[in-house]
Amino acid sequence: MEGGSGAFNSTPSPGSFDKSRVFDVKPLRTLTPVFPSNPQAPFGPYPPGFAPFYPFSPQQGGGPDPSPPPQPPAVPLRSFRAPEPSSHENGTGGGSYSEPPKRAGRRPAVRTIPIAKRAKRGPDDFLLPAPNDSVVLGITQAQKEDGDRGTVLSILMRFDALRRKVGQLEDVKDSQHNGNAKRADLKASAILMSNSIRTNTKKRTGHVPGVEIGDIFFFRMEMCLVGLHAQSMAGIDYLIVRGDREEEPLATSIVSSGYYDNAADDTDILIYSGHGGSSNKNKEASDQKLVRGNLALERSLQKGNEVRVIRGLKDANSPTTKIYVYDGLYTIQESWVEKAKTGCNIFKYKIVRMSGQPGAFSVWKSVAQWKESVSSRVGLILHDLTLAAETIPVALVNDVDGERGPTCFTYLASVRYSKSFKLSHQTSFGCNCRNACQSGDENCACMTKNGGQTPYIGNGVLVCRKPLVYECGPTCPCTANCKNRVSQTGLKVHLEVFKTKDRGWGLRSWDPIRAGTFICIYAGEATNKAISGEVGDSGDYVFDTTRVYDSFRWNCEPGFIEEDLIDTNEEYDMPYPLVISAKNVGNVARFMNHSCEPNTFWQPVVYENNSETYLNVAFFAMRHIPPMTELTYDYGTPRADVPGGSNGHGRMRCLCGSTRCKGYFV
DNA sequence: GTTTAGTCAATTCG
DNA sequence: CCGAATTGACTAAA
């Protein structure tokens with residue numbers, strides 16, 4: 001973690017072919033948001049906002065030869081898969097660390113929450129205080145009318161926290177066969193809508209403040225809440241302009257579900273159908289009429305106003321759901337009438353993307369192409385830098401300069417407990433479930449340790465941050481499809497390691513990532529400070545749980561109305577201190593850069609194996625992360641009582657560009 | 001096993 | 001107050 005030897009002093013000399021030279025390309029601790037806070041700012045489709053030659057980076061900085069000659073790709077020397085469940089090669093040996101006594105009186109995580117008890121649910125089911133209390137709601141009147149980035153992100157975060165919690169509760173009900181568990185998205189949005197926790201409520205054409213091109217949404221209600229598209233189902237949203245004589249509608253935004261992407265090659269053109277007519281199966285098909293959204297589109301064609309376009313795309317990971325991508329502003333170019341198969345008339349509109357906007361939908365198209373044929377990825381160095389140690393390949397890419405890869409290291413997908421320390425003298429026990437563990441099962445020891453309910457919903461989505469998450473371990477008898485082994489089952493999203501413009505190598509994802517999704521653990525060689533007496537491997541590529549991490553709120557801000565629904569205890573409760581070095585041995589996590597405003601966070605996770613407790617540092621998405629956005633976390637700072645800790649030694653300038661950037665990192 | 005069509009419950013806004 | 005609507009989750013069938 002220490003910033004002693006960053007990319008600054010590792011510049012390969014132009015013309016150097018010295019293979020023995022170590023190119024230290026430790027990730028610098030910065031974040032480049034993929035999209036700037038000003039969505040109108042024009043830039044290219046990929047990492048924007050940074051000049052290729054940055055004054056702080058002599059490595060690429062304006063030297064006489066900015067592109068050093070190609071070097072042989074630096075590949076992992078070897079690679080290893082995670083150990084087999086039954087194996088016992090980890091953590092053996094004669095160490096003597098004792099697990100500290102468990103903190104007494106851990107707060108029970110299960111509380112009775114009145115959600116959807118009745119078949120017909122009303123807003124009062126949620127027992128919320130009356131609205132109009134800005135402290136309780138955490139959102140001001142001005143923010144309701146006009147959003148900003150912080151407000152939008154906050155509302156989306158609150159929505160998804162509620163949605164995950166409702167989903168978790170209904171998971172329990174499902175297992176007890178007594179609930180009509182459905183539509184957690186609607187229940188979450190009902191809470192926020194009925195309490196006016198929303199923004200950009202006034203309809204407008206053009207951009208919506210706080211929403212950026214490329215932002216992704218997993219539910220239509222999310223777009224309602226932030227004012228991007230106010231219709232919960234309809235594809236065309238419009239406002240009424242009151243003229244001198246008459247009212248006329250103008251289109252503000254449309255949602256395209258991709259039925260008509262016949263112009264597949266051109267991501268800037270969209271052929272959109274009007275609504276109405278033959279939609280209802282109970283009715284006879286009929287001609288579409290020039291009313292409502294159809295009329296609004298027609299008026300917008302005449303007026304030439306900007307129309308927001310949201311592309312609905314199939315989620316490759318779960319084909320049954322859709323992901324919505326804000327693709328920026330379009331204008332309507334043409335309209336005509338076609339005969340549908342039923343013989344009835346339908347309206348068609350040709351909608352064209354305005355130039356100068358950053359790529360959004362086009363990025364998705366590119367990714368799809370790379371997945372089809374990885375060689376089409378520009379700057380590809382390695383198809384899979386893990387050498388099949390992970391089940392999903394991780395590409396190594398450099399499309400900014402000639403560097404052929406990071407320093408050699410051995411890829412390992414799991415944590416190796418070197419320096420032989422025993423994790424605990426106390427034996428610990430997993431569960432005795434015979435099938436997949438069920439949320440709410442009182443006989444499942446693992447669920448009980450988690451407070452009775454599953455810590456995960458869906459495909460590896462963390463419900464809320466907790467002091468500690470207890471997963472089922474390799475020696476738990478539950479089946480392999482038990483959903484409570486998220487951090488042990490390897491990568492689920494398709495990642496790439498890439499060369500950033502000015503911060504060494506970084507990590508990003510080809511896939512869209514839902515908030516709460518497990519991304520990876522921090523793998524490497526684990527040491528235990530308490531027995532080794534080390535202050536910490538004060539070098540690069542180290543994760544140290546004893547550093548000081550800024551507290552932040554992910555589950556729920558105290559004082560918000562949903563506080564009674566959501567567990568607000570987000571303080572970690574580490575079973576023992578852990579230092580993981582990924583300098584020589586590690587996984588993709590070693591490439592994650594620091595940001596003062598990160599998009600991932602880490603969560604301690606323990607599991608049991610042969611009566612011993614193992615600890616993982618697992619990274620999860622803080623919010624929805626669009627494809628090709630750099631993944632970052634907060635590196636934290638050394639403890640003040642550590643020699644060389646907070647005295648500024650090894651300070652590096654932070655280039656994260658966040659408005660909350662502290663300016664440096666240690 | 002995977003994809004698709006049908007069904008159902010539920011939203012916001014005009 | 002009612003209806004329209006490029007919903008989303010689930011299930012059965014192909």
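The chains referred to below are lettered A, B, ... by the order of the sequence lines, with proteins before strands, and numbering in each begins at 1. Bear in mind that the values here come from a model prediction, so they are computed numbers and not experimental data.
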**OP:** Dot-bracket notation for DNA chain C is requested: 5' to 3', Watson-Crick or G-U wobble pairs only, both distances under 3.5 Å, with ( ), [ ], | and . as defined.
**Re:** .||||.||||||||
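Proximity of the aromatic rings of Phe518(A) and Phe620(A) is defined here by a centroid distance below 6.0 angstrom, and this criterion is met.
In this structure, the CG atom of Asp315(A) is 11 Å from the P atom of dA9(C), given to the nearest Å. Taking atom NZ of Lys322(A) as the reference point, atom P of dT6(C) lies 10 Å away to the nearest angstrom. Separating the CD1 atom of Ile323(A) from the C1' atom of dT7(C) is a distance of 15 Å, rounded to the nearest angstrom. Separating the CD1 atom of Ile191(A) from the P atom of dT11(B) is a distance of 12 Å, rounded to the nearest angstrom. In this structure, Phe219(A) places its CZ atom 14 Å from C1' of dT11(B), rounding to the nearest Å. Between the CG atom of Asn481(A) and the C1' atom of dG1(B) there is a distance of 15 Å, rounded to whole Å. Rounded to an integer number of Å, the gap from Phe217(A) CZ to dT7(C) P is 17 Å. One interatomic measurement links the two molecules: CZ of Arg514(A) to P of dG8(C), which rounds to 10 Å at whole-angstrom precision.
For Pro319(A), the listed nucleotide lying nearest its side chain is dT3(B); candidates were dT7(C), dT4(B), dT3(B). For Arg183(A), the side-chain atoms get nearest to dA9(C) when compared with the rest of dT4(B), dA9(C), dT6(C).
Every side chain to side chain donor-acceptor pair (under 3.5 Å) that Lys371(A) has, sequence neighbours left out, goes to Asp511(A). When the side chain to side chain contact (heavy atoms under 4.5 Å, CB included) test is applied to Leu301(A), the partners found at least two apart in sequence or on another chain are Glu298(A), Ile332(A), Ser335(A). Residues forming a side chain to side chain contact (heavy atoms under 4.5 Å, CB included) with Leu153(A) (at least two apart in sequence, or on another chain): Arg149(A), Arg623(A).
Counting heavy-atom neighbours within 6.0 Å of Lys339(A) NZ, excluding the residue itself, gives a total above 12. Counting heavy atoms of neighbouring residues, nucleotides and ligands inside a 6.0 Å radius, atom CG of Asp315(A) exceeds 12 of them.
For the pair Arg465(A) and Trp554(A), the cation-pi criterion (under 6.0 Å, within 45° of the ring axis) is not fulfilled.
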Could you run down the sub-3.5 Å N/O contacts of the protein with nucleotides 12-14 of chain B?
{"from": "dT12(B)", "atom 1": "O4'", "to": "Ser232(A)", "atom 2": "OG", "distance (Å)": "3.4"}
{"from": "dC13(B)", "atom 1": "OP1", "to": "Arg198(A)", "atom 2": "NH2", "distance (Å)": "3.0"}
{"from": "dG14(B)", "atom 1": "OP1", "to": "Lys203(A)", "atom 2": "NZ", "distance (Å)": "3.0"}

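Distances shorter than 4.0 Å separate none of the side-chain N or O atoms of Tyr349(A) from OP1 or OP2 on dT6(C).
Position along DNA chain C of the nearest nucleotide to Gly235(A) versus Thr321(A) favours Gly235(A) as the more 5'-ward residue.
For the salt bridge (charged side-chain N to carboxylate O under 4.0 Å, His left out) condition, the pairs that include at least one residue of residues 323-336 of chain A, sequence neighbours left out, are Arg311(A)-Asp327(A), Asp327(A)-Arg353(A), Glu334(A)-Lys350(A).
Side-chain N/O atoms of Thr151(A) and Ser154(A) include no donor and acceptor closer than 3.5 Å.
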